[in-house]
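Reading through the structure tokens given below for one structure.
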Amino acid sequence: MNKLSTESYKGVRDFYPEDKFVQEYIFGKMRKVVEAFGYEEYDASILEPTDLYRAKSGEELINEQVYNFEDRGGRDVTLRPEMTPTLARMVAKKKRDLGFPLRWYSIPNFFRYERPQKGRLREFWQLNADVFGVEGIEAEVEIITMSYKIMRELGAVEKDFIIKINDRDFINFFLTDFNLSEEEKYKVTKIFDRKNKTEVSKFENEIEEILGDKSNVFLNKISELENAEGKTPADIKNLMEKLEKAGITNVVFDPFLMRGLDYYTGIVFEVFDTNPDNNRAMFGGGRYDRLLEIFDGEKVPAFGFGMGDVTALEFLKSRDLIPEYISLTDLYLCILDEKYTEFTDDLAQALRAQDINVVVDYSYKKIDKQLKNADKKKVPFVICIGENEVKNDKFVLKRMVDGKEFEVSRGEIKTVIEKI
RNA sequence: GCGACUAUGGUGUAAUGGUAACACUAGGGUUUGUGGAUCCCUCGAUCCGAGUUCAAUUCUCGGUAGUCGCCCCA
């Protein structure tokens, strides 16, 4: 017989309880922050018609990076690679009913068919928080503030990360002088996007290919922006001032920041790890005022961001910010002999009725093995049930962290567990 | 899609052209109602396929997987 492999599928992860605990910790922090700003949770199916992504997500993403298949009815189906198109679809569908401004969040999983490497897998989870119906800079301030607060909640200090911002409109404005076609403009944004990872000469050559002999003029203008603080575009300056008022000072203007997705229209931002070993964008977002047009022609102003669990986890690991596993179970009941099982079950039921999480060990192993197991599972309290307990209805409640024992009656168990 | 490196029990390591050792873990026992202790026993591995060879876990090639980088990137 062939042995079945225990390996998980390429690029996806198994979440053992300790792993799930950490993931839930991260999600919990995300939830706490966005809910404090009034964001409501939504969700959707992992399957979407492929057409949804054809419109605006970017050619590369749809052609090479998605899992798609034809279903039995001949429909072209895709495992969602991102949430924004789904969200836009949901909002567009019930636009008249929803009431704006609308603030929604979700922590769904996504699939992308790519080569797994550090900080990037084929399946990942990502917080998505979006606000619809706010045209002004308040949306940017709010979302970027939330990004900042999540980082702080996770234990990061300001110098651990830096928030880069830019405005796509602003680049487009510069490009209007050059009479470029839409496609050429698009190419320029892609080259910009790559700039920080490209050699300067190569970058300049690529720009020159598109702009010809005017490229020097263009590049000079851009570098002026980059270097001269006074020339920072007004909206960026405004945004930075407002963030500073909120106590967020690790923000910089980066005229080359583009982000990969095609649907961004205005301000975009990315949060970078300042650790030189992990010089990569951790997460980001931007304004996409025109995305909802693809459904009914009406635009709805929108600003949102996404924060993935893989990069967040890498960050926490590198800063030693992973929390220690804590069991959700309060009490572990050992049974010393099979004949005390019924008594133990009754006790467990009574305690559960008082909202205590109780696990019963039915292994009937030696008591030291049972205790060892309780310890391994990180359950904080143990009671062993044997002849004495059944006879007297008195118990020895053992606190595992220091081995201290407390003599208690049945009615005292709950209060002792909660108090100490 | 491209490149580099890697691949031994569940985990971490060892070794050799003659089929594998050790530690931890797990299971069982011992000490006979309180754990991270001692002692004993047991389970358990050379990624897959082909080639060279009397003999391959070891050498060669291919595949697969992992790690890192490139491309790309929410």
Side-chain angles (χ1 to χ4, degrees), chain A residues 2-3 5-14 16 53 56-66 80-87 108-128 130 190 193-194 196-198 257-264 268-271 277-286 288 304-311 332-337 340 361 363 365-391 395-406:
Chain A
N2 284 335
K3 279 191 229 160
S5 169
T6 54
E7 291 303 310
S8 56
Y9 172 72
K10 184 183 175 78
V12 308
R13 291 161 292 166
D14 292 327
Y16 287 87
Y53 303 106
K56 282 278 180 181
S57 287
E59 281 299 310
E60 169 101 17
L61 180 61
I62 192 65
N63 289 338
E64 294 173 23
Q65 293 197 341
V66 300
R80 64 184 173 204
E82 55 161 332
M83 202 59 169
T84 306
T86 299
L87 172 65
N109 58 337
F110 303 108
F111 289 88
R112 292 199 184 182
Y113 194 85
E114 29 176 15
R115 190 76 188 257
Q117 55 189 272
K118 192 182 175 74
R120 254 172 56 186
L121 297 170
R122 288 185 169 183
E123 183 190 21
F124 58 97
W125 274 255
Q126 187 181 73
L127 167 69
N128 280 255
D130 297 84
K190 288 288 173 189
D193 198 30
R194 244 179 280 137
N196 287 335
K197 293 181 211 160
T198 316
L257 181 71
M258 288 290 136
R259 288 180 72 71
L261 293 184
D262 294 351
Y263 48 65
Y264 288 120
V268 291
F269 77 100
E270 275 186 353
V271 177
D277 297 336
N278 186 33
N279 191 13
R280 155 178 285 166
M282 289 194 289
F283 65 95
Y288 52 100
F305 83 112
M307 180 176 187
D309 70 322
V310 182
T311 43
Y332 191 104
L333 294 180
C334 306
I335 306 176
L336 295 184
D337 189 286
Y340 306 126
D361 187 331
S363 69
K365 286 180 194 163
K366 291 279 162 58
I367 191 165
D368 59 328
K369 304 276 183 192
Q370 297 194 46
L371 280 164
K372 226 169 156 178
N373 195 243
D375 181 51
K376 186 164 195 168
K377 299 281 160 61
K378 301 250 169 72
V379 180
F381 293 97
V382 173
I383 290 176
C384 297
I385 304 299
E387 195 185 343
N388 298 342
E389 285 75 15
V390 173
K391 206 189 285 173
F395 306 92
V396 176
L397 179 67
K398 186 184 179 90
R399 180 164 63 188
M400 294 302 273
V401 66
D402 57 4
K404 206 168 174 196
E405 295 175 355
F406 303 85

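Letters go in sequence order (proteins before strands), and every chain restarts at 1.
Gly403(A) comes within contact range of at least one nucleobase, with a heavy-atom separation under 4.0 Å. Residue Glu7(A) is out of contact with every strand shown, counting any heavy-atom pair closer than 4.0 Å. Among the protein residues, Val401(A) comes within range of the nucleic acid bases, having at least one heavy atom under 4.0 Å from a base atom. Glu387(A) comes within 4.0 angstrom of a nucleotide base, judged by non-hydrogen atoms across all strands. Counting any heavy atom pair closer than 4.0 Å across all strands shown, Gly386(A) reaches a base atom. Contacts of Met400(A) with the nucleic acid, taken as non-hydrogen atoms under 4.0 Å apart, include base atoms. Across all strands, Gly119(A) comes closer than 4.0 Å to no nucleic acid atom at all (heavy-atom distances). Among the heavy atoms of the strands, none lies under 4.0 Å from Tyr332(A). Residue contacts for Arg115(A): at a heavy-atom cut-off of 4.0 Å it reaches a base atom on one of the strands shown. Within the nucleic acid shown, Asn388(A) comes within 4.0 Å of at least one base atom, counting heavy atoms only. Residue Lys372(A) is in sugar-phosphate contact alone, with no base atom involved, counting any heavy-atom pair closer than 4.0 Å across all strands shown.
Judged by distance alone, with hydrogens and angles left aside, the side-chain atoms of Gln370(A) form a donor-acceptor pair with the main-chain N or O of Ile335(A) at under 3.5 Å. Arg80(A) places no side-chain N or O within donor-acceptor distance of the main-chain N or O of Thr86(A), the cut-off being under 3.5 Å. Arg399(A) contributes no side-chain N or O that, together with a main-chain N or O of Lys404(A), makes up a donor-acceptor pair within less than 3.5 Å.
Rounded to the nearest Å, the gap between the P atom of rA56(B) and that of rA20(B) is 14 Å. Nucleotides rU11(B) and rA26(B) have their C1' atoms positioned 11 Å apart, rounded to a whole Å. Rounded to a whole angstrom, the distance from the P atom of rC43(B) to that of rA23(B) is 15 Å. rC68(B) and rG62(B): their P atoms are spaced 24 Å apart (whole Å). Rounded to whole Å, the P atom of rA45(B) lies 23 Å from the corresponding atom of rG29(B). For the P atoms, the distance linking rU25(B) with rC40(B) amounts to 14 Å, nearest Å. Comparing the C1' positions of rA14(B) and rC72(B) gives a spacing of 42 Å, expressed to the nearest Å.
Rounded to an integer number of Å, the gap from Asp368(A) CG to rG27(B) P is 11 Å. In this structure, Phe395(A) atom CZ and rG33(B) atom C1' are separated by 15 Å, rounded to whole Å. Atom CD of Gln370(A) is separated from atom P of rG28(B) by 11 Å (rounded to the nearest Å). Atom OH in Tyr9(A) sits roughly 9 Å away from atom P in rA65(B) (whole-Å rounding). Atoms OH (Tyr16(A)) and P (rU25(B)) sit 19 Å apart, rounded to a whole Å. With rounding to whole Å, Lys376(A) atom NZ is found 14 Å from rC24(B) atom P. Between the CZ atom of Arg259(A) and the P atom of rC72(B) there is a distance of 16 Å, rounded to whole Å. Rounding to whole angstrom units, CG of residue Asn373(A) and C1' of rU34(B) are separated by 14 Å.
Between Lys10(A) and rU64(B) there is no side-chain N or O to OP1 or OP2 distance below 4.0 Å. At rG27(B), none of the side-chain N or O atoms of Lys369(A) fall inside 4.0 Å of OP1 or OP2 (strictly under the cut-off). A close approach under 4.0 Å does occur between a side-chain nitrogen or oxygen of Lys366(A) and OP1 or OP2 of rU30(B).
Between Arg120(A) and Lys365(A), the residue anchored closer to the 5' end of RNA chain B is Lys365(A), taking for each the nucleotide with the nearest heavy atom.
Between atom OG1 of residue Thr311(A) and atom NZ of residue Lys118(A) there is a gap of 11.5 Å, rounded to the nearest 0.5 Å.
Comparing rU67(B), rC72(B), rU25(B) by their nearest atom to the side chain of Glu114(A) picks out rC72(B). Here the nucleotide nearest the side chain of Cys384(A), chosen from rU67(B), rG69(B), rG33(B), is rG33(B). When distances are taken from the side chain of Glu389(A) to each of rC72(B), rC71(B), rG33(B), the shortest belongs to rG33(B).
Within a 6.0 Å radius of CD in Gln117(A), more than 12 heavy atoms belonging to other residues, nucleotides or ligands are found. Remark: Tyr16(A) OH is loosely packed, at most 12 non-hydrogen atoms of other residues, nucleotides or ligands lying under 6.0 Å away.
For the pair Arg122(A) and Tyr113(A), the cation sits on the ring face: its NZ or CZ lies under 6.0 Å from the ring centre, inside 45° of the axis.
Taking 4.5 Å as the limit, some side-chain heavy atom of Arg13(A) sits within range of a side-chain heavy atom of Asp309(A).
Summarising the base pairing, rA37(B) is matched to no nucleotide, lacking a Watson-Crick or G-U wobble pair whose two defining distances lie under 3.5 Å. Using the Watson-Crick or G-U wobble rule with both distances under 3.5 Å, rG49(B) pairs with rC61(B).
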